[in-house]
Amino acid sequence: MSTPSTSLWSPLRQPVFRGLWIGGGVFFIGSGMQAMAAAWLVVELTGSALLAALVQTAVFMPMFLLALPAGVLADTTDRKRLISGALLAQTGACALLALLTLAGWIGPASVLLLVFVCGCCTAVLTPAWNSSVIDPVPRDEWPQAITAVSIAYNVARAVGPTLAGLVFAQLGAGWVFAVTVGTTLVMWDSIRRWPPRAHAPSKLPAERLWGGTLSGLRFAWHSRIILAQLVRVMAFSAAGSALWALLPVIAQRQLGAGAQGFGLLMGCLGIGAVAVGLMLGRLRARFGLEWIVGSAGVVFAAAMLVTALTQRAWLVYLWMLLAGAAWMSAMSTFNTATQASAPQWVRSRAVAMHMVAALGAFALGSAFWGASSELMGPTPTLCLAAACMLAGLPLAGPMPLRMGALHEVTQATPWDELFIEAEPLPEAGPVAVEIGYRIVPGSDAAFLDAISQMKAPRRRDGATFWRVYKDLGEPSRYVERFIVESWADYLHQRARATMADQVLETGVRAFLAPGQSARMSHYIAER
């Protein structure tokens, strides 16, 4: 019997998570139906591989453009209002797409435009939904909860295109788009019944959109764990997007399949993803993250090669099952590692940056591989994409994957009190902070090694500048100096320090000479 640490069913016992998971699954099915019907409709209208590939770009490019600002909003505003508003706007766009198609007034440009609008709405709501759906679940069950969400998404990849193919063949694209109106409203109702948990009250001034965006980017750049995950998922997604983008053309030209055959190909990808999702927790526990991602890369590259080089439909269907399993294994692992490695204050932004890396690379990759297919054909393009997938595997060396430990994401009480005469206005700044250390003589090299580890946390949490200075008049005295853009940013930086950061700071202060303490001073720019 599965233990709670690896059982997929543990988070589904939580009623709130289960309700949100079902609502999200229905929404994912509708999104899969819409993407399949739009791609096939464009193929029927134009016969262009590039325009068919641009449907994927229209679906996912908004993630690249809007996900990070949406993540800031999710971290700083009412998530229920944000998600509900985006879902209602998407309902209107889906309804317009359905009406235009049923009336016979649709063209490839209007399909791409309205699919892009729906993608924008999805981009706005996704960081808030992804970060809130696992809130009811204990932290040690987050990997299983995220895998369950991934399974729902990949069930949608199986069910959505298959249903869309059936409805498309019998009733046409317009009725497929009409169904997506209902699936969007189902998710809206789930958010209405089980609203996201409110943010903890804070006395700190709220972050603004631009400042919050910069904070998220700064955090990712100076967090080695997050940065490694983002680079790895971008490389995997950019190479793997070729198969997803060119599948409509492969189905029509190489396999001679119709809408139902294309839907079945997409369904095989989803079925493979679901099958591996049921055992992914055990596989991670037994083999580790790197084995999962490396194996997935090899299998997905092989699937692209087989798809490129054979015209036997049954063989392609078989490898689509394996490709779906590989895609699910890698992408779920990247997503889980990212969410588990981000503190609460930036978790929605971490989700958003994961989306930007994965889906932005997917959107740009889809356009690139579509254009490449127009120039040299689908077969050489898929072979090149497989080579790119394999070329990305050595990134495991300089950028290893791991999940953040609890003490690395738990915010701690600030070490020092603020001894200031009068508190500046929140927007006043820049603020310079100096911490003086008188250390044990002769321990300079070890002290510098220890304090150098403070650079990443200071920069990650808000500092735009960091440096250590030696007092020329007193060789055993050093000053750590960093600069933050405003007083509000400095207060946020203090609140973001984690327990792991305090362990590093304890190590630095261990070098203080007997009877000495670290002395902190604050300076505000006047000119």
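As the structure is a prediction and not an experimental result, all values here were calculated from the model.
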Separation of [Y] [atom2] from [X] [atom1] (nearest 0.5 Å):
X: S84; Y: I191; atom1: OG; atom2: CD1; value: 6.5 Å
X: I22; Y: M187; atom1: CD1; atom2: CE; value: 13.0 Å
X: L243; Y: M389; atom1: CG; atom2: CE; value: 9.0 Å
X: S341; Y: R402; atom1: OG; atom2: CZ; value: 7.0 Å
X: T307; Y: L382; atom1: OG1; atom2: CG; value: 6.5 Å
X: L246; Y: S366; atom1: CG; atom2: OG; value: 8.5 Å

Under the 3.5 angstrom rule, does the side chain of [X] hit a backbone N or O of [Y] as a donor-acceptor pair?
X: S329; Y: A325; value: yes
X: W188; Y: L88; value: no
X: Q229; Y: T338; value: yes
X: T379; Y: A308; value: yes
X: S241; Y: A238; value: yes

Check [X] against [Y] and note the closest heavy-atom contact, atom names and distance.
X: R347; Y: D135; answer: NH2-OD1, 2.9 Å
X: A173; Y: F168; answer: CB-CE1, 3.5 Å
X: V124; Y: A86; answer: CG1-CB, 4.1 Å
X: V176; Y: A37; answer: CG1-CB, 3.5 Å
X: S132; Y: P196; answer: CB-CB, 3.6 Å
X: I29; Y: L163; answer: CG2-CD1, 4.4 Å

Criterion side-chain contact (heavy atoms from CB on, under 4.5 Å) against [X], the qualifying member of [options]:
X: F177; options: L100, T101, L114, L96; answer: T101
X: L87; options: T122, L125, V186, L82; answer: L125
X: L185; options: T91, V26, T180; answer: T91
X: P108; options: L41, L113, V43, L45; answer: L45

Verdict with reasoning, W129 to F28, per ring pair (Phe, Tyr, Trp, His ring centres under 6.0 Å): CA-CA 13 Å; W129 188 83; F28 297 151; 5.7 Å; yes

Taking only residues two or more places apart in sequence, or in another chain, which ones meet T336 in a side chain to side chain donor-acceptor pair (under 3.5 Å)?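 If we apply the side chain to side chain donor-acceptor pair (under 3.5 Å) test to T336, skipping adjacent residues, there are no hits.
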
Mind checking side chain to side chain donor-acceptor pair (under 3.5 Å) for S190 and listing every partner two or more places apart, or none if nothing turns up?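 With neighbours one apart ignored, the set is empty.
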
Side-chain heavy-atom pair [X], [Y] within 4.5 angstrom cut-off:
X: R349; Y: P127; result: no
X: V316; Y: T310; result: yes
X: P343; Y: F219; result: yes
X: L384; Y: M376; result: yes
X: T183; Y: M33; result: no

Mind running side-chain contact (heavy atoms from CB on, under 4.5 Å) on L102 and W175 for me, showing each step along the way? CA-CA 7 Å; L102 289 170; W175 287 103; 3.5 Å; yes

Walk me through whether L269 and M328 qualify under side-chain contact (heavy atoms from CB on, under 4.5 Å). CA-CA 9 Å; L269 284 163; M328 164 70 173; over 6 Å; no

Under 3.5 Å, is there a donor on one side chain and an acceptor on the other for T381 and S372?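 Judged by distance alone, the side chains do pair up.
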
Between T184 and Q90, is there a side-chain donor-acceptor contact under 3.5 Å, judged purely by atom types and distance?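 No, no side-chain donor-acceptor contact under 3.5 Å.
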
Sequence neighbours left out, what passes salt bridge (Lys or Arg N to Asp or Glu O under 4.0 Å) with R192? Give chain and number order.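 Once residues adjacent in sequence are excluded, the partners of R192 under the salt bridge (Lys or Arg N to Asp or Glu O under 4.0 Å) criterion are D189.
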
Go through it in stages, so that I can follow the logic: the residues are I292 and L401, the test is side-chain contact (heavy atoms from CB on, under 4.5 Å), and I'd like the CA-CA distance, side-chain angles, deciding distance and then a yes or no. CA-CA 11 Å; I292 295 287; L401 295 175; over 6 Å; no

Does E290 come within less than 4.0 Å of R232, counting only side-chain N to carboxylate O?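 Salt bridge: yes.
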
Would F17 and V149 count as a side-chain contact (heavy atoms from CB on, under 4.5 Å) here? Give the steps. CA-CA 10 Å; F17 174 78; V149 172; 4.2 Å; yes

Indicate the ring-plane relationship of F300 and W327, choosing parallel, tilted or perpendicular according to the 30° and 60° boundaries.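 Tilted, since the angle between the ring planes falls between 30° and 60°.
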
